[in-house]
Amino acid sequence: MKLRVDRDILAEAVTWTARSVPARPPVPVLAGVRLEATGSSLVLASFDYEVSAHCEVAADVEEDGVVLVSGRLLADIAKALPNKPVDLEVEGNKVAVSCGSARFSLAAMAADDYPALPVMPAVAGTIDAHDLARAVGQVSIAASRDDTLPLLTSVQIEVEGSSLVLMATDRYRLAMRELTWSPSNTELSTTALLKARTLSDVAKSLTSSGDVTVALSSESAASSLIGFEAGGRRTTSLLTDGDYPPVRRLFPESTSIHATVGTDELMAAVRRVSLVADRSTPIHMSFTQGNLELDAGQGDDAQATEQLVAHLEGDDISTAFNPGYLLDGLGALNQPYVRLDFTHASKPAVLTGMESIGGTEDSSFRYLLMPIRFGA
């Protein structure tokens, strides 16, 4: 194999492909990235038996060939090279990387032992890349980090025609985002469960393209896969096994108390007041007509209070939340005002965004938050 490729293109492609290379691979070859030069392109691929990555970039290929090299090392080298064309050439059991006066010699791994990448499932539809990234960012914050509960470390994807819904929960909060997409079959109705960190990684890495193609395995497939493709990049992942809990029913059908506060003002106040609270200490919120009082800390410990202007419909209410979880929900909103809907002080609150006080709430994203005593 012998080729020349643009330095920035190579660095970006290797970095993206090597992101799924395991830090401690179960077998040595899984630490590698597979390079295949053919025609006028260089194809890079990685696979850890769960997530696969495939990237194709333009290159001046002099000799076709396939080689396997350490993915993380090649990524580090590519990012450190000077801004000049890069030459790659296989020399026996070594891979020579030359760029300007810099030259590296990497050990070639056994490419024949590398596992075959899974086949991309059937195309299910397309979605705007920025819409997908925004939705995933809003929802994934609520996914659990506890790997002993694999179902809750995943995001539930629900497809019903042109509607696509993302949901995640860690038992203390629940985030749900509804958006539209372009399905290949308008009668498509299915669900998929994908690890939140995998979905977040995919959404962030494909934002440079206009549309992302989403592919899903049929119910009769031997293994459940989901695939994403955009801009010459393609990735697949195994889906999480199991049935997601019926969390939709946690959202109340109706609420009698509604409080509206400026989103940025509330976030800033929560950050200030929570400075005296540790991770397990709640921040108390007392809503009265025209006013919100925040306080944290008690007894001989440090204490803090702050008052904000708030618009309240319904009875006065006092409750308490985990400040970190509250900030996550507020940060996921993209409207100037947040509306908090309550049924009772001991019941979950639902956060939605609003453009103005008294305006229509944006129910496409909802964030349900349990009071702190529920999570104790």
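Nothing fancy with the numbering, it's 1 onward along the sequence. We use all heavy atoms of the structure for the numbers below, so side chains are in, but hydrogens, waters and symmetry mates are not.
Side-chain polar atoms of S286 and E293 form no donor-acceptor pair below 3.5 angstrom. No hydrogens or angles considered: a donor-acceptor pair under 3.5 Å links the side chains of S98 and R103. Defined by atom type and a distance below 3.5 Å, a donor-acceptor pair is present between the side-chain atoms of S52 and T236. Inspection of the D362 and S364 side chains reveals an N or O donor paired with an N or O acceptor under 3.5 Å.
In this structure, the side chains of L81 and V97 come closer than 4.5 Å at one or more pairs of heavy atoms. Side-chain contact check for V202 versus R19: some heavy-atom pair is nearer than 4.5 Å. When side chains are defined from C-beta on, D64 counts as touching T38, because their heavy atoms get closer than 4.5 Å.
Surrounding CZ of R249 are at most 12 heavy atoms belonging to other residues, nucleotides or ligands under 6.0 Å away. In R197, the CZ atom is not crowded: 12 or fewer heavy atoms of neighbouring residues, nucleotides or ligands sit closer than 6.0 Å. The neighbour count for E187 CD, taken as heavy atoms of other residues, nucleotides or ligands under 6.0 Å away, does not exceed 12.
Here I317 contributes atom CD1 and T288 contributes atom OG1; the two are 12.0 Å apart, rounded to the nearest 0.5 Å.
F228 and L216 fall within a single hydrophobic cluster, where Ile, Leu, Val, Met, Phe, Trp and Tyr side chains are chained together by heavy-atom contacts under 4.5 Å. There is a path of hydrophobic side-chain contacts, each under 4.5 Å, that joins I257 to L326. V43 and V21 sit in two unconnected hydrophobic clusters of ILVMFWY residues. Membership requires side-chain heavy atoms under 4.5 Å apart, directly or through other members. The same ILVMFWY cluster, assembled from side-chain heavy atoms under 4.5 Å apart, contains both V61 and V14. The cluster map of Ile, Leu, Val, Met, Phe, Trp and Tyr, joined by side-chain heavy atoms under 4.5 Å apart, puts I226 and L179 in the same cluster.
Salt bridge R233/E12: present, at least one basic N to carboxylate O contact under 4.0 Å.
Cation-pi check for R34 over Y114 is not met; the charged atom does not lie both under 6.0 angstrom from the ring centroid and within 45 degrees of its normal.
By the salt bridge (charged side-chain N to carboxylate O under 4.0 Å, His left out) test, D295 is found to be paired with no residue, residues two or more places apart in sequence or in another chain being considered.
Closest non-hydrogen pair, P336 versus E355, comes out as CG-O, 3.3 Å. For the residue pair T343 and S256, the shortest heavy atom distance occurs at O-OG, 4.2 Å.
Ring geometry for Y325 against Y172 counts as parallel: the plane angle stays under 30°, on a 0 to 90° scale with 60° as the upper cut.
Checking M167, E178, M176 one by one against E158, the side chain to side chain contact (heavy atoms under 4.5 Å, CB included) holds for a single residue, M167.
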